[in-house]
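What follows is a single structure, written as structure tokens, with notes after it.
The structure presented is a predicted model; accordingly, all values stated were derived computationally and were not measured. Below, read A as the first sequence line, B as the second, and so on, with proteins coming before strands; counting in each chain starts at 1.
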Number of protein chains: 2
Amino acid sequence: MKVLTKNTDYAIRALLALAAKKGCFISAKSIATEHDIPYQFLRRLLQEMIRHNLIVSKEGVQGGFMMEKDPDEITVTELIEIFQGKVQVSECMFRKQICGNRARCVLRHEIMRIESVVQSEFEKVTIGKLLRDLESANQVTQ
Amino acid sequence: MKVLTKNTDYAIRALLALAAKKGCFISAKSIATEHDIPYQFLRRLLQEMIRHNLIVSKEGVQGGFMMEKDPDEITVTELIEIFQGKVQVSECMFRKQICGNRARCVLRHEIMRIESVVQSEFEKVTIGKLLRDLESANQVTQ
DNA sequence: TTTAATTGATACCAATATAGTATCAGTTAA
DNA sequence: TTAACTGATACTATATTGGTATCAATTAAA
Ligand code: FES
Ligand code: FES
């Protein structure tokens with residue numbers, strides 16, 4: 001069971017690259033080569049993130065992509081939702097036969113509780129936090 | 001993003017059916033019809049659960065499947081691992097370029113922390129617990 | 001003003017995972 | 001002897017994921 005797919009994985013890495021150079025326009029090509037992400041795949045992800053107002057773009061020579069939203073406000077939960085759809089444990093376990101009362105269903109409550117725990121854990125992890133972790137890790141090893 | 005696939009969903013339901021009639025052999029056919037699970041699909045899941053010593057079977061007429069392991073010892077985590085593979089957030093985010101030091105990688109720590117949170121949440125949910133929830137829910141509604 | 005570097009948009013393809021079906025041999029209670 | 005069962009395994013269909021290709025539009029710079 002994979003929690004993060006390539007979409008999300010690559011998107012996080014691209015955002016880290018942009019966050020590290022906030023205010024500058026960085027081309028998709030340079031991000032792709034520097035971070036070992038398939039170019040056309042990355043392009044699609046970047047366009048999707050524009051639609052969600054995480055980043056902005058500039059066309060033409062010297063163009064590229066730039067961080068728009070505050071990195072500390074971009075959570076992994078948000079990225080998962082964009083690229084993998086909303087986290088849901090199960091559409092609705094135990095339909096029909098077993099579970100007659102959807103509203104009061106104890107199982108459903110159990111499931112929803114877990115859903116919210118998972119989500120809140122991923123919400124604690126923001127691009128901003130990851131970037132700081134990354135930078136301090138690099139200092140140690142250099 | 002779906003956390004539980006049909007495999008796991010059906011397996012849980014089948015186990016609940018068996019746990020509710022502990023000590024008896026129940027045929028795959030009756031479980032399938034009563035709980036609206038595709039018969040051949042269910043058969044495969046049951047065989048897989050035999051291999052993992054969750055249940056046992058008896059061949060021939062009046063045969064079927066019976067709970068083997070204590071329902072309170074069967075966690076949703078275990079079922080996810082059987083049917084969807086071990087929970088892993090990402091194979092290894094930020095390989096190569098960014099992350100030179102696998103052992104000390106802060107990002108990796110962050111990811112592993114979340115992994116363990118997710119796992120421990122699902123470990124709290126056992127077949128035994130679900131069954132009791134289910135039974136008390138049924139009492140209320142009847 | 002031409003050109004090369006760029007994004008926008010979109011269609012396509014390949015690989016893998018998920019969901020479901022079919023078949024036939026072997027076992028066993030009735 | 002037979003019908004109700006499981007064991008084993010192969011097959012198919014569909015969806016998701018991962019990746020590639022193409023071409024038009026834009027723009028800084030030569
Ligand atoms: S599990 Fe869906 S309503 Fe109870
Ligand atoms: S993310 Fe894999 S070692 Fe750092």
Establish, with yes or no, whether the OP1 or OP2 oxygen of dT16(D) is under 4.0 angstrom from a side-chain nitrogen or oxygen of Thr5(A).
-> no
Tell me whether the OP1 or OP2 atom of dG7(D) has a side-chain N or O from Ser57(B) closer than 4.0 Å.
-> yes
Please enumerate all protein N or O atoms sitting under 3.5 Å from an N or O of nucleotides 21-26 of chain C, with distances to 0.1 Å.
none

Whole-Å distance between dA5(C) P and Phe65(A) CZ?
-> 17 Å
Using whole Å, report how far NZ of Lys6(B) lies from P of dG20(C).
-> 6 Å
Would you mind telling me which residue lines up with the more 5' stretch of DNA chain D, Ala28(B) or Val61(A), judged by nearest nucleotide?
-> Ala28(B)
What does Ile50(A) touch in the nucleic acid at a heavy-atom separation under 4.0 angstrom: a base, only the sugar-phosphate, or nothing?
-> sugar-phosphate
In whole angstroms, how far is the P atom of dG7(D) from the CZ atom of Phe25(B)?
-> 10 Å
Nucleotide dT9(D), atom C1' - distance to CG of Leu45(B) in whole Å | 15 Å
Just to confirm, is there a sub-4.0 Å distance from OP1 or OP2 of dG20(C) to any side-chain nitrogen or oxygen of Tyr10(B)?
-> yes
Have Glu73(A) and Thr126(A) got a donor and an acceptor in their side chains that come within less than 3.5 Å?
-> no
Take the protein atom CD1 of Ile80(A) and the nucleotide atom P of dT17(D), then report the distance between them rounded to whole Å.
-> 12 Å
So does Lys69(B) pair up with Glu78(B), basic N to acidic O under 4.0 Å?
-> yes
Does a nitrogen or oxygen in the side chain of Lys2(B) sit under 4.0 Å from OP1 or OP2 of dA19(C)?
-> yes
On DNA chain C, more 5' by nearest nucleotide between Gln62(A) and Arg51(A) is Gln62(A)
What does Lys29(A) touch in the nucleic acid at a heavy-atom separation under 4.0 angstrom: a base, only the sugar-phosphate, or nothing?
-> nothing
Are Arg44(B) and Phe41(B) in a cation-pi setup, meaning NZ or CZ lies under 6.0 angstrom from the ring centre and within 45 degrees of the ring axis?
-> yes
